[in-house]
*Asks:* 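This is the structure I have questions about; it appears just below.
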Amino acid sequence: MIKFFLMVNKQGQTRLSKYYEHVDINKRTLLETEVIKSCLSRSNEQCSFIEYKDFKLIYRQYAALFIVVGVNDTENEMAIYEFIHNFVEVLDEYFSRVVIMNYRNVEMTPESIILLFFYLRLMGTKYN
């Protein structure tokens, strides 16, 4: 089960955070700081799966953006790793269309991205 979803830049600033279990705001800040530090300190040659406290971190880097997902111990790491990639594909596809349609201030949740991903796949949209 996914516990949280973070999008972080290389400077360690959280750009998006979504929690699927209640975490106090003070603990969120501390958790995000530690998680971000754990991911940013790793080299490109190291595995993208980290055992952290009572859960696992799965992350991917895209240019200056890190996407980090915290999951419980029973979750399939490769499935989450692929989910992150699909999430980024949908962002690329969606936001290229948003610019054309002049909808610039759109805030999307990971849930709506997933729905959009399946819609685009259903409509036969091809990804490069």
*Asks:* Hydrophobic cluster mates of Y59, side-chain heavy atoms under 4.5 angstrom, ILVMFWY only, any path?
*Replies:* F4, L6, V8, Y19, V23, L31, V35, I36, L40, I50, Y52, F55, L57, F66, V68

*Asks:* Is there a side-chain contact between T14 and M7 in this structure, where contact means two heavy atoms from C-beta onward sitting under 4.5 Å apart?
*Replies:* no

*Asks:* Could you tell me whether the side chain of F5 reaches within less than 4.5 Å of the side chain of I67, counting heavy atoms only?
*Replies:* yes

*Asks:* What distance separates T29 OG1 from D24 CG, expressed to the nearest 0.5 Å?
*Replies:* 10.5 Å

*Asks:* Would you check if V71 and K3 make a side-chain contact, meaning some heavy-atom pair closer than 4.5 Å?
*Replies:* no

*Asks:* At their closest point, which heavy atom of Q61 faces which heavy atom of A63, and how far apart are they?
*Replies:* NE2-O, 2.9 Å

*Asks:* For K10 and A64, indicate whether the former's side chain and the latter's backbone hold a donor-acceptor pair under 3.5 Å.
*Replies:* no

*Asks:* Report the distance from atom OG of S38 to atom CD of E34, rounding to the nearest 0.5 Å.
*Replies:* 7.5 Å

*Asks:* Can you name the residues that form a side-chain hydrogen bond (donor to acceptor under 3.5 Å, both in side chains) with R28, not counting sequence neighbours?
*Replies:* none

*Asks:* Determine whether I2 and K18 make a side-chain contact, defined as any pair of heavy atoms from C-beta on separated by less than 4.5 Å.
*Replies:* no

*Asks:* Are any non-hydrogen side-chain atoms of E75 and K56 less than 4.5 angstrom apart?
*Replies:* no

*Asks:* Apply side-chain hydrogen bond (donor to acceptor under 3.5 Å, both in side chains) to S48 and list each qualifying residue two or more places apart in sequence or on a separate chain.
*Replies:* none

*Asks:* Nearest 0.5 angstrom please: I58 CD1 to E82 CD, how far?
*Replies:* 13.0 Å

*Asks:* To the closest 0.5 Å, what do you measure between CZ (F87) and OH (Y62)?
*Replies:* 10.5 Å

*Asks:* Looking only at heavy atoms, which two atoms of C47 and R42 are closest? And how far apart?
*Replies:* O-NH2, 2.7 Å

